[in-house]
Protein chains: 2
Amino acid sequence: MTRRTTIYDIAKELDITAASVSRALNNNPKISESTRKLVLETAAKMNYKQNRLALALRSGKSNNVGVIVPRIDSNFFASIIRGIEEELYSVGYHIIICQTHEDAKIESDNINTLLNAQVDGILMSISNVINENNDIMKRVVDKNVPLIFFDRKKHIDGVSSVTIDDFEGGYLATKQLIDEGCNRIAHFTGDQSLEIFQNRTKGYKKALEDNGILFDSNYVFQIKSNVDAGRLAIEKLLSLENPPDALFSTSDFAALGAIQVLKEKGITIPEEFCVFGFGNEPFTKFMELSISSVDQSPLEMGKMAAKVFLEQINNNENLKIEKKVILKPELHIRKSSSRNSNLR
Amino acid sequence: MTRRTTIYDIAKELDITAASVSRALNNNPKISESTRKLVLETAAKMNYKQNRLALALRSGKSNNVGVIVPRIDSNFFASIIRGIEEELYSVGYHIIICQTHEDAKIESDNINTLLNAQVDGILMSISNVINENNDIMKRVVDKNVPLIFFDRKKHIDGVSSVTIDDFEGGYLATKQLIDEGCNRIAHFTGDQSLEIFQNRTKGYKKALEDNGILFDSNYVFQIKSNVDAGRLAIEKLLSLENPPDALFSTSDFAALGAIQVLKEKGITIPEEFCVFGFGNEPFTKFMELSISSVDQSPLEMGKMAAKVFLEQINNNENLKIEKKVILKPELHIRKSSSRNSNLR
DNA sequence: TCAGTATATGTAATCGATTACGCAAACATA
DNA sequence: TATGTTTGCGTAATCGATTACATATACTGA
């Protein structure tokens, strides 16, 4: 195992100093063309590779960005990460992944560790908690480390965000159910400390209101995003004296759980009951009874978050920008909510 | 924005030298208890955090490991990454993600960039190519950077690997189909330059042989891992004069495509046709007609790969170890291949 | 020819931490 | 008391690259 080539090795080889080598390699004008050529050739010959750690120490920039998500093994977050990686890799950034498992303590740990590793920016989706960790996030901003929220955000001065229009997603999904003739529309939502769920629920309510349907709080369940939670909640809904005839779930998994129970009880979908999910998880289109869902274009969201980060980095240091990007949600209308057409 | 505290700041505060501060912080015995106590207190008070970049430059260790996968937005790879992250985060490593998109050029780029970023190890699943990139992988080994393959591997001296027993997975899945009474079993496999697909196919053949069923190459298709490829291939199979009565697919997605076509043609599953997939993708258990599949325990695989990396790191530098871990595959037998029992 | 300017290169500090080496004081031993 | 051994701490080099500043050389024009 041979030691890697440094600029000092090149300097010695050519009997010049490391400073000149550095200048030659960095397109510094204060170097003669002949020397530059010689250095470049020798560098190639000696297989020189810039030591990023040395550069990082001197410049204070690591060329790494941290990405914090609740978990990585979900299609949604994985797709976002893919988008971020694809956008940033080509401009020389590496991404470091951290998972919070929705735990505020781990989340603040993650932030601290990333700051300590001197990442050049942090892109994150916050975990399910109210007002915790605000101080540490402010510390990130104070340190002039770009902080960008995607999907799950909260308001903190100086923090940009990329989200979809959850209100519109909720509105459109509910509207589609109404258009199919449903008027007793149940709703599964998530942790109301998160704006995304608040907004989807607001969209749901507004759609009801705009169409003259009275909001009924008995139809609304705040549940976790998994199949069993959906099963449990639909059971309760079906035991109401006036059970619903449709469901808008902010989670595809909970929607699936509901569908399972409905079928077990012999309730036909979409004829007797329509279902709309949220997230456009891969399985929604694979089902024999494909599930309608709101797509959040996670790939796009990741790319956009990366772009916002790059803008922020390339901005004048002292000019704090706070950009809010809101992507449009896209309805994928499938069998579970299509009484009229014949969709595959 | 205040500058971060360094050991020099602490030294100045206490009127000692940075060397002493460093010794105090690192449990070096060559320091008095009183000084150590003073330093620790002052460090805490001044909110000192070790600068990992400086440490990295001096030690040549970045405390980062690189993880290279074909793509991150697949449940399988995302789960592996999750396992790796969970195992390594607690011991102070960060993981850097790269995607190859199955492209050999990008793969070698990734390796080079990671080496250049001085990662302390590389954990990867190789892309779909024969014998390319062997040289660069050997270079990784030469540089004494631990290299660990997971799932998709090839033989390179000094490289450890963590895989599942693909042969057994193929064998058991095929055997199960035979046990259900099928004897014209078709097979979808993948790129034969990858050991995983070779081995699954070998397992398939051996199961046929052990059960007195003649191997028929007309029943074997080498296809991509997606729904449409599965649809296309099953069409061809069904047009054979003696069409198969079962399918063992090394891809859950292709299995799904096949199932779609079979149902469209009115062929009942599992009564007339049994299907076994591979990968245990989340959707396989969500389907109304749930799909039998071989589980590869990706989370476990990721954790194991991380453990092998740690072993390698903590080993005597000069002692090259090459560890091969083979995990047991686990059958998840579901409706698509269960004629006899009533599974959900 | 000589001052003035450009151009190319070298010198040395810097980023922050670790550590081999050396020295002084304190203590032990005969 | 003289000598040897610990103990605790400072000095300075090191990791590899960048860059402000200094300096030497070449070139310009009157």
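By convention in this document, chain letters (A, B, ...) are assigned in the order of the sequence lines, proteins followed by strands, and residues within each chain are numbered from 1.
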| task | Using a strict 4.0 Å threshold on nitrogen-to-oxygen distance, state whether B:K105 and B:D109 make a salt bridge. | result | yes

Is there a side-chain contact between A:Q118 and the phosphate of C:dC15, meaning an N or O under 4.0 Å from OP1 or OP2?
no

Legend entry - Greater than 12 external heavy atoms within 6.0 Å of A:K324's NZ: yes

Review point. B:T35 side chain N/O closer than 4.0 Å to the phosphate oxygens (OP1, OP2) of D:dC9?
Key: yes

Using a heavy-atom cut-off of 4.0 Å across all strands, would you classify A:T6 as base, sugar-phosphate, or nothing? sugar-phosphate

Exercise for the section: Taking only Lys NZ, Arg NE, NH1 and NH2, and the carboxylate oxygens of Asp or Glu, determine whether B:R152 and B:E195 approach each other closer than 4.0 Å. Expected result: no

query = Within the structure shown, what part of the strands sits under 4.0 Å from B:S20 by heavy-atom distance: base, sugar-phosphate, or nothing?
reply = sugar-phosphate

Among the nucleotides C:dG16, C:dT14, C:dT18, whichever has the atom closest to the side chain of A:R58 is C:dT14

Q.
It should be established whether A:N26 places a side-chain nitrogen or oxygen under 4.0 Å from OP1 or OP2 of nucleotide D:dA17.
A. no

Tell me whether B:E33 is salt-bridged to B:R36, with the criterion being a basic N under 4.0 Å from an acidic carboxylate O. yes

With the side chain defined as heavy atoms from C-beta on, A:Y8 is closest, among C:dG10, D:dA17, C:dT18, to D:dA17

From the candidates D:dT19, D:dG16, C:dA20, the one with an atom nearest any side-chain atom of A:R23 is D:dT19

